[in-house]
Amino acid sequence: GAVVSQHPSRVICKSGTSVKIECRSLDFQATTMFWYRQFPKQSLMLMATSNEGSKATYEQGVEKDKFLINHASLTLSTLTVTSAHPEDSSFYICSAPRTSRHYNEQFFGPGTRLTVL
Amino acid sequence: RKEVEQDPGPFNVPEGATVAFNCTYSNSASQSFFWYRQDCRKEPKLLMSVYSSGNEDGRFTAQLNRASQYISLLIRDSKLSDSATYLCVLNTGTASKLTFGTGTRLQVTL
């Protein structure tokens, strides 16, 4: 089946550091990828839609200058958390849709757990 | 009102029991409906799509009631391995964007 990878799986960093997370679709091309954030005991919240060849679309309340998204190729999107602070500590998950027997089935990466000290 | 509402649980059931989860949604324009399963500290994985006619996959049955804006998931003969959080998920047809409920936690015990 389709696989989406994320790297790194876990990051612990100091406040003020920028952190880059990569999301790759391994056996299919994805012109669109999605970035989610999940705080403990809460649902996944869509942060932004990453579009290959154009700017990302951010959800309301998500600062585009803080969460930089670059969809460098048809198989790679990166999310950079700039000047991370403790309140940015969360589980970040990417997904990529692929048409299959299910309408626009989303394949999720394994997630990146970010802890900002 | 939240777009997707679920009872967070936890539902504690013995092995072999039948358990049902419900989910209500507020956007009548929602087009596609899914149940995802999420294990602790892992990514969500698609369990099944939900159709108006109802659909079954082994021990799992999903139902959609568009008039009441309500989705259900029934799990028969629960296994220990069914312990997880079950997420009700919608797509309103906008570029594959998904909206997630907060999930219902299921704990199956011996």
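Every value quoted in this text rests on a predicted model; they were computed, and no experiment measured them.
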Legend entry - Side-chain ion pair, Asp39(B) and Lys45(B), N-O less than 4.0 Å: no
Inset, instruction - Flag the one option from Lys41(A), Arg113(A), Gln42(A), Gln38(A) with the top tally of heavy-atom pairs under 4.5 Å to chain B. - result: Arg113(A)
Legend entry - Nearest atoms (heavy-atom pairs only) where Ala17(B) meets Ser78(B): O-OG, 2.7 Å
Legend entry - Atom group of Arg41(B) that falls short of 4.5 Å from chain A, counting heavy atoms: both
Inset, instruction - May I ask you to establish whether Arg37(A) and Tyr92(A) are in a cation-pi arrangement, using a distance under 6.0 Å from NZ or CZ to the six-membered ring centre and at most 45° from the ring axis? - result: no
Legend entry - Proximal component of Phe108(A), with respect to chain B [non-hydrogen, under 4.5 Å]: both
Legend entry - Interchain contact, Gln6(B) with chain A, by part (heavy-atom threshold 4.5 Å): neither
Inset, instruction - Under 4.5 Å heavy-atom distance to chain B, tell me which part of Leu46(A) shows up: side chain, backbone, both or neither. - result: side chain
Legend entry - Test side chain to side chain contact (heavy atoms under 4.5 Å, CB included) applied to Lys20(A) and Leu79(A), Val81(A), Thr80(A), the passing residue: Thr80(A)
Inset, instruction - Rounded to the nearest 0.5 Å, what's the gap from CZ on Phe33(B) to OG on Ser72(B)? Could you check? - result: 12.5 Å
